[in-house]
Protein chains: 2
Amino acid sequence: MPRTMDRDARKAQLAEAVWQVILDQGISAVSVRTVAEHAGVVVGSLRHVFPTRSELVQFSAELMMERVTERLLTATPHDDSREYAFAKIKNVLPLDPDTRAEYEVNLALLAERAAVPGLLQVRLDAHHQLAKLCVRLVEILTGQAGTPAVTSRAHRLHALVDGLAFHLFHQPVDGDTTWALDIIWSEVSTIAADANSGEISH
Amino acid sequence: MPRTMDRDARKAQLAEAVWQVILDQGISAVSVRTVAEHAGVVVGSLRHVFPTRSELVQFSAELMMERVTERLLTATPHDDSREYAFAKIKNVLPLDPDTRAEYEVNLALLAERAAVPGLLQVRLDAHHQLAKLCVRLVEILTGQAGTPAVTSRAHRLHALVDGLAFHLFHQPVDGDTTWALDIIWSEVSTIAADANSGEISH
DNA sequence: AGCAGCGTAGCACGACTGTGCTAGTATGTG
DNA sequence: CACATACTAGCACAGTCGTGCTACGCTGCT
């Protein structure tokens with residue numbers, strides 16, 4: 001065998017170059033050439049790892065989702081279930097420049113799904129994963145599971161999270177974010193409180 | 001003067017061709033040639049109206065927003081303020097194929113803003129307009145105006161609307177949408193009810 | 001030492017891009 | 001009728017695109 005390299009690391013390096021190009025010049029500027037140049041490799045090398053542009057773009061999307069999932073799985077223990085839920089949700093909102101970039105790349109890849117069909121599945125996976133997280137959080141907060149009230153609450157929480165993400169993305173990077181956190185905290189509290197007082201539905 | 005045509009109609013025709021191309025092949029397929037072909041005109045004619053691609057894309061975005069605004073302004077009188085608010089919100093959600101397409105084009109143009117800077121302003125305008133609508137609805141529902149509680153409620157409603165739009169977009173065209181409408185209705189009811197019982201905050 | 005083969009480097013090709021430019025055509029106004 | 005001109009039509013050019021392809025060098029196993 002001749003010299004071999006860490007393929008996964010190389011793929012990650014190229015995926016990160018894709019993200020950078022998206023942030024700098026938008027998704028339409030993502031070509032095998034621009035990405036290769038950004039990553040400091042020649043086109044031939046990039047194409048040795050990703051034979052086509054589609055594979056490059058799709059892997060970039062998958063790795064991005066994988067990274068987010070990883071971050072979500074890192075344990076954030078809290079004695080109070082409300083603070084636990086709050087911390088988890090803060091993890092998926094574009095609150096700092098890094099997560100904002102993440103969100104922006106996500107939107108760009110969503111818009112590219114007409115050109116790279118595989119992106120649709122990636123996007124759907126991400127969506128369902130967030131949905132499942134919301135269900136879990138509601139279950140923890142209410143102490144119930146599987147009831148219609150839980151799924152309803154989870155739906156609502158999910159919508160709120162996605163909506164807030166969209167809003168945060170629309171305001172300047174250094175803008176005030178406390179209002180969004182307030183909304184999340186109040187929602188989390190409401191879910192917990194309603195469960196304790198027995199009235200959940202509506 | 002030589003023969004003249006309805007310039008606005010021609011511009012609208014071209015903008016609609018842009019939307020169609022976005023829906024069919026994604027934003028990256030939007031070129032002066034593809035759009036001209038879709039509109040049934042030659043490139044020269046298109047460029048007589050829109051000298052550059054940027055102007056074409058930007059106008060398409062502006063016209064789209066204009067159309068939405070127009071639809072929003074058409075009076076939908078209701079004796080009950082809750083039903084009025086509900087109807088208004090239904091107007092901005094991607095519930096049928098047409099409004100879904102609208103939403104998709106919106107997202108695509110959002111992703112293209114790195115290439116066409118003017119799109120950022122268009123998107124921001126749309127966002128602020130929806131925010132203003134939410135404030136107005138909350139004012140109508142609560143009978144108050146200008147209080148912190150109103151802006152807080154409006155923020156929350158706005159986030160919920162954007163989040164639900166995102167969710168509806170992720171499910172199949174013929175999917176069940178009643179759950180989203182239920183959430184909206186319950187939120188509208190809650191806003192109205194809390195205002196009557198005096199407790200608004202949180 | 002030799003060699004198989006991974007990874008690097010880059011040329012070539014046809015297609016497509018945005019935009020500058022010119023020529024022709026039809027039509028409303030004088 | 002004449003003419004100015006809005007509009008149509010299309011060529012040209014330089015650039016970028018994705019991808020097929022070959023050639024070379026280094027490396028690690030036999």
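A, B, ... follow the sequence lines: proteins, then strands. Residue 1 opens every chain.
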Nucleotide D/dG10, atom P - distance to CG of B/Leu46 in whole Å: 15 Å
Would you mind reading off the distance between B/Glu37 atom CD and D/dT8 atom C1', rounded to a whole angstrom? 17 Å
Looking at B/Val41, is its backbone amide N or carbonyl O close enough to the side chain of B/Ser45 to form a donor-acceptor pair, meaning the two atoms are under 3.5 Å apart? no
Proximal nucleotide (of D/dT19, D/dG10, C/dT8) relative to the A/Val43 side chain: D/dT19
With a 4.0 Å limit, can you tell me whether A/Thr4 has a side-chain N or O closer than that to the phosphate oxygens OP1/OP2 of D/dT27? no
Whole-Å distance separating the NZ atom of B/Lys11 from the P atom of D/dA6: 16 Å
Near DNA chain C, which residues from residues 14-33 of chain B have a heavy atom under 4.0 Å away? B/Val30, B/Ser31, B/Val32, B/Arg33
Between B/Phe50 (CZ) and C/dT17 (P), how many Å, whole number? 18 Å
Without decimals, in angstroms, what is the distance between A/Leu56 CG and D/dT19 C1'? 14 Å
Once you apply a heavy-atom cut-off of 4.0 Å, does A/Thr34 come out as touching a base, just sugar-phosphate, or nothing? sugar-phosphate
Please collect all salt bridge (Lys or Arg N to Asp or Glu O under 4.0 Å) contacts where either partner lies in residues 100-113 of chain B, sequence neighbours excluded, each pair once. A/Glu104-B/Arg113, A/Arg113-B/Glu104, B/Arg53-B/Glu112, B/Arg71-B/Glu102
Only distances under 3.5 Å count here; give the side-chain donor-acceptor pairs of residues 162-171 of chain A to other protein atoms, sequence neighbours excluded, each with its distance to 0.1 Å.
| residue | atom | partner | partner atom | Å |
| --- | --- | --- | --- | --- |
| A/Asp162 | OD2 | A/His158 | NE2 | 3.3 |
| A/Asp162 | OD2 | B/His167 | NE2 | 2.9 |
| A/His167 | NE2 | B/His158 | NE2 | 3.4 |
| A/His167 | NE2 | B/Asp162 | OD2 | 2.9 |
| A/His170 | ND1 | A/Phe166 | O | 2.8 |
| A/His170 | NE2 | B/Arg123 | NE | 3.0 |
| A/Gln171 | NE2 | A/Asp176 | O | 2.7 |

Among C/dG18, C/dT8, D/dG10, which nucleotide has an atom closest to any side-chain atom of B/Arg53? C/dG18
Do side-chain atoms of A/Lys88 reach the backbone of A/Leu137 as a donor and acceptor pair under 3.5 angstrom? no
Is it the case that over 12 heavy atoms from other parts of the model lie below 6.0 angstrom from the CD atom of B/Glu37? no
Starting the side chain at C-beta, find the nucleotide from D/dC7, C/dG7, D/dT19 nearest to B/His48. D/dC7
In terms of side-chain heavy atoms, does A/Ser186 have a donor or acceptor partner in A/Ser189 at a distance below 3.5 Å? no
Quick one, B/Val92 with B/Val161, criterion side chain to side chain contact (heavy atoms under 4.5 Å, CB included). Give me CA distance, side-chain angles, the key distance, then yes/no. CA-CA 8 Å; B/Val92 296; B/Val161 168; 3.8 Å; yes
Identify which nucleotide among C/dT8, C/dC21, D/dC7 has an atom closest to any side-chain atom of B/Arg47, counting heavy atoms from C-beta outward. C/dC21
Would you indicate which nucleotide in C/dT8, D/dC17, D/dC7 comes nearest to any side-chain atom of B/Arg7? D/dC7
Roughly how many Å is it from CZ in A/Arg10 to P in C/dC6, rounded to a whole number? 15 Å
